[in-house]
Amino acid sequence: MSDLEVPLRPKRKKVWVDYFVKFRWILVIFVVLPISFCLYFFTYLGDVRSAWKSYKKRQKEHDENVEKVVKRLKQRNPAKDGLVCTARKPWIAVGMRNVDYKRARHFEVDLSAFRNILDIDQEKMIAKVEPLVNMGQISRATVPLNLSLAVVAELDDLTVGGLINGYGIEGSSHLYGLFSDTVVAYEVVLADGQVVRATKDNEYSDLFYAIPWSQGTIGLLVAAEIKLIPIKEYMKVTYKPFRGTLREIGQAYMDSLAPRDGDQDNPEKVPDFVETMIYTPSEAVVMTGRYASKVEAKRKGNVINQIGWWFKPWFYQHASTALKKGEFVEYIPTRDYYHRHTRSLYWEGKLILPFADQWWFRFLFGWMMPPKVSLLKATQGEAIRNYYHEMHVIQDMLVPLYKVPDALEWAHRELEVYPVWLCPHRLFKLPVKTMIYPEPGFELHRRQGDTHYAQMYTDVGLYYAPGPILRGEIFDGAEAVRRMEKWLLENHGFQALYAVSELNEKDFWRMFDAEHYEQCRKKYGAVGTFMTVYYKSKKGRKTEKEVKEAEQAHLETTYAELEQPN
């Protein structure tokens, strides 16, 4: 069998869940879509109402809400109450893993009021926002000012808190890093009710570096100050088709963002936005974007494509037309470009509603898209959840740029998930070793895309039903994820924590570094108050024994063995 040949698998016998999933579109069209649209609309009205308030009014309400959180935390009795977590319902989270830790005994703190943009400071180029502000909300406020967050995650519903405490990336991350790298200050409520502001150079600098990827297990994030950048009205997007092997596709993608001469900080050589979509093992479209003014976009002969209209073709399908007609260039309104994958949920919309990409559906019902992920999760029971975990892949493999070709070949052999999304991001060399960190000594090699201060990584996004499932063959989803995690461990890669994880605790802390995280948990009183990030990420229901051990933890950790010498 050749390196890229996929294994032969026996056929799988269908069960009742297969038929429910196949016809789930009926529930989505008549229930989920209308409710989703209403929720989007009322949320929009709330955002408008908030924007009408003065800065002082919004800040006053914020301070009052913070006081409520402090008061609630002080009501907790460690002897009888469970570990602290938010009161947000498990199905509301956009992430695909089951929020099983909320099924165990826990002490809830309500953060639902923290959904306002507190300030947009055009002089300091800082946006101060609360954690439940989402990407659609912030881009509506900033883009008309020709300003934007440096990293705007593509899906409207993704929140600031989720992108900081978890994982956030965009096509501009090859310049600015992950979403959390663009934050300049955090406002956090600690376990004892103390409210602190952490920056990289104040007395809470250790906390500042510990917050990203911590999943809210060190303190409760109540506000963030985030870097703004100047932008222009349009994005000039170039679509380049590429045909070849997966290794050749990987190299073409690398060349689109990383000059081979190592001049990585030269804006003339490095575009503002980069992404690649691989449609088959031999076909891909490499896309680059540069900000452009309205004057440039409207020059005679230039094509403007307002992809934000509900009846427009889904972006990933529109991009694929380059494979037929060849390279082309067009200008997209900047905000439309930021949220280009929202309406189709990348390409997951095709599985949820198989005909939603057809012209007649887009024209008649496209204005209701997308269905809210939270509602999709709310309308599925335990059997459906487990079915998706076994028969579906939603994973992000974060790998060093130079290992992208290897990752693509591995993903093809083991998963056969297409399309594949490639998006680069810098992983900065920081003063402390955080949960995710570059390869030791990367700066000595100066591989393509690297600088002396950051190693270039790539998100290999795998979101769809695997090839064996589409062919009706047996496929063990849990085992496939375990093999993926093993590959990541062997190649200094990381797994996005919103996804389903099969890692045991020892391997979890082999993938992510625990030292600084745990030091901050002890220093700021989180141990025995907030659950650990592994506890939150662990798949499956928590047993009563696990709950008690987590609640009684003070100094010892179950992964201490990792620090012991051999």
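Note that the structure is predicted; figures quoted are calculated from it, not measured.
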Next item on the list: Keeping the roles fixed (side chain from Q395, backbone from V500), state whether a donor-acceptor pair exists under 3.5 Å.
Entry: yes
Check: Do the side chains of W347 and Y279 get nearer than 4.5 Å, heavy atoms only?
Finding: no
Item checked: Under 3.5 Å: donor-acceptor pair, side chain of R12, backbone of G472 -> no
Item checked: Rounded distance (nearest 0.5 Å) linking atom CG of L489 with atom CE of M484 -> 9.5 Å
Note to self: Quick one, S501 with E485, criterion side-chain contact (heavy atoms from CB on, under 4.5 Å). Give me CA distance, side-chain angles, the key distance, then yes/no.
What the structure shows: CA-CA 8 Å; S501 173; E485 291 163 344; 3.3 Å; yes
Item checked: Polar side-chain atom of N491 near backbone of W487 as donor-acceptor pair, under 3.5 Å -> yes
Checklist line | Q495 versus E502, side-chain donor and acceptor atoms under 3.5 Å | finding: no
Notebook entry, point to check: Got a donor-acceptor contact below 3.5 angstrom from the R521 side chain to the M531 backbone?
Noted result: yes
Notebook entry, point to check: Are the side chain of D156 and the backbone N or O of G136 linked by a donor-acceptor pair below 3.5 Å?
Noted result: no
Margin query: Within the structure provided, determine whether R340 and I307 are in side-chain contact (heavy-atom separation under 4.5 Å).
Written below: yes
Margin query: Can a donor-acceptor pair be found, under 3.5 Å and without considering hydrogens, that links the side chain of S344 to the backbone of Y346?
Written below: yes
Notebook entry, point to check: If you round to the nearest 0.5 Å, how far is OG1 of T532 from CD of Q215?
Noted result: 10.5 Å
Taking distance alone, no hydrogens or angles, what donor-acceptor pairs closer than 3.5 Å link side-chain atoms of residues 352-361 to residues at least two apart or in another chain?
unit_1, atom_1, unit_2, atom_2, d
D357, OD1, K350, NZ, 3.1
D357, OD2, Q317, NE2, 2.7
D357, OD2, K350, NZ, 3.0

Notebook entry, point to check: Which word best sums up how the rings of Y457 and H425 line up, parallel for under 30°, tilted for 30 to 60°, or perpendicular for over 60°?
Noted result: tilted
